[in-house]
A.B. asks: 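Got a structure for you, written out below as structure tokens; questions coming shortly.
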Amino acid sequence: MTELYKENDIVIGKVTGIQNYGAFVSFENGQIGLIHISEISAKFVKNIEDYVKVGDQVRVKVLGIEDKNNYLKLSLKALNDRERQKIKKPLIFNKPKRVRVLNSEHDFEKLRLNLDNWINKSLEEQNMIKTDFTNIIENINFESYCYRAKQINDMINNKSGAGNDFLGWTTWPKDYDKEELERMVKCAKYVRDNYDILVVCGIGGSYLGAKAAIDALRGLYSDDKLEIIYLGQTFSPLYIAQVMNYLKEKKFAINVISKSGTTTETSIAFRLVKDLLEKQVGKDEARKSIFATTDKERGALKTLCNTEGYETFVLPDDIGGRYSVLTAVGLFPIACAGLDIKEMIRGAYDAMIKYDNDDIMNNDCYKYAIIRDYFYHHNKSVELFVTYEPSLSHISEWLKQLFGESEGKEGKGLLPGSVTFSTDLHSLGQFIQDGSHILFETIVKVENPSLDIEVPHDDADLDGLNYLEGKTLSFINEKAMQGTIKAHVEDGKVPNIVISVDKMDAYHLGGLFYFFMRACAMSAYLLDINPFNQPGVEIYKRNMFHLLGKKGY
Ligand code: PA5
């Protein structure tokens, strides 16, 4: 039974949120509370962050417990200087439990007014991403990795490792351009109000994150009023010609996305679709329908934006394509799709606070990176990303690019693959179960689908399915997953990792994106690889340009 804190206890907690009226603190036993601004210091407190910051571990005194919800009323100033010092020892946060509480005479009016909302948010933050490492089969000595992983965490934060000029994404959830975000929201509304289709024109990191998010959050057969079509990710004449035919006579806007501004797939598709648009509505109207996301200063696309006066968003210099989903590269099309990009940033922010943590034993993000490293060095060469939701299959595509392009260098790295179950249990299931022992699985799971259906009754029961009558598809899908994990782990000896979120919404997805980017940086640095370049991608381009007769090749 979790022990409740009592009045007058002196306890250690972690600051998980700051409002102008106080600082919220979470505890190992699942209790949560507020240090009201008047309880921060004996001095006049103008800015709470002068005393405590989110992520700080603090020692506080329990002044009382609010009845009903067991919220703690806390004080920093009730402690003497020595007691008040920040705690260096990291906390272990177990699954929070709601526990009953006693009475209190202390009156924090603001606490009462704001607490419910905050408590829910705080619990949401703590539980945002769950991991299950119980089926990894091997007994990994995480402690042996701690020293190196801590060094790498410092290296990421101090920007002292290889590729250090591409670490802007690590603090982006707090440093992002606030004015640009508001402009994106405004422009997205304009697109939604005025067009039937948005053509997203980009490749690799310049489209995968947006597609992953839009599919995951809207589902694959969304009835949203704005259709999203992807272009610029292929040279396929059939695909491009069909898209162009489809767009004829339709009211569409374009979001062209390219950091370099010179990627050939994207440039050709943009030239074609821009030409179609200009022919349909005239050059002036077309200008208003084109939104570009590119480098702040350089590149052919930037020059075109300057000449034509397109509305332009920026991909910062220090963020590379596959780490750019939380910048305008991902956020603008996601906002156009009617999704809440502020919530997505909030989720990423909470994940940043949670996983920028060198207490490796209590950092699931880094533990996941360590497991990958361990398997790489113990005869596994493939990480298979698994989902049980077709709408998440592009999250797997995004993950394949993230890990593949970040780690696959110098003859090293796990090959990232992906399957969608149960569909692929009827194709690759045999290999996974019984084939060569080269792989482990990482399941990306959503606990509660946003829609569900029950199996109906059938009088004749000729298909023999009445034993499932009234059962939901989510229940059946869950049993399929449990049965598969058991088969793969126990019989097939294939290690399984589960990374899950309660529900698929913008907040949780923002957190997941950040979790995987941070894990990828840790994992690549454990391999002694620069996670942020992609020298191998250039070779096919050189050959292709030579064969196409481009000047200088
Ligand atoms: O991760 C990367 O850097 C790549 O996948 C790029 O995003 C992709 O090649 C597209 O490049 P650009 O945005 O310059 O058109």
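Every number for a ligand or one of its atoms is a count from 1 in the order of the listing.
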A.B. asks: Could you check whether Lys400 makes a cation-pi contact with Phe385, meaning its NZ or CZ is under 6.0 Å from the centre of the six-membered ring and within 45° of the ring axis?
C.D. replies: no
A.B. asks: Write out the residue and atom name of the closest protein heavy atom to atom 5 (O) of ligand 1, then the distance separating them to 0.1 Å.
C.D. replies: Gln401 NE2, 2.5 Å
A.B. asks: Do Lys178 and Tyr176 form a cation-pi contact, if we require the NZ or CZ to be under 6.0 Å from the six-membered ring centre and within 45 degrees of the ring's axis?
C.D. replies: yes
A.B. asks: Could you find the nearest protein heavy atom to atom 3 (O) of ligand 1 and give me its residue, atom name and distance?
C.D. replies: Gly321 N, 3.6 Å
A.B. asks: List the closest protein heavy-atom neighbour of atom 6 (C) of ligand 1: residue, atom name, distance to the nearest 0.1 Å.
C.D. replies: Gly205 N, 3.9 Å
A.B. asks: I need the atoms of ligand 1 closer than 4.0 Å to a non-hydrogen atom of Gly204, numbered in the order shown.
C.D. replies: 5 (O)
A.B. asks: Between the main-chain N or O of Val314 and the side-chain N or O of Glu180, is there a donor-acceptor pair closer than 3.5 Å?
C.D. replies: yes
A.B. asks: I need the nearest protein heavy-atom contact for atom 11 (O) of ligand 1: residue, atom name and distance, please.
C.D. replies: Thr263 OG1, 3.5 Å
A.B. asks: At less than 4.0 angstrom from any non-hydrogen atom of Ser260, what atoms of ligand 1 do you find?
C.D. replies: 12 (P), 14 (O), 15 (O)
A.B. asks: Salt bridge between Glu278 and Lys274, side-chain N to carboxylate O under 4.0 Å?
C.D. replies: yes
A.B. asks: In the protein, what heavy atom is nearest to atom 8 (C) of ligand 1, and what distance, to one decimal place, separates them?
C.D. replies: Ile203 O, 3.6 Å
A.B. asks: For atom 4 (C) of ligand 1, state which one of Arg322, Gln233, Glu405 supplies the nearest heavy atom.
C.D. replies: Glu405
A.B. asks: So that I can tick it off, tell me whether Arg346 and Asp340 are bridged by a salt bridge, with the cut-off set at under 4.0 angstrom between side-chain N and carboxylate O.
C.D. replies: no
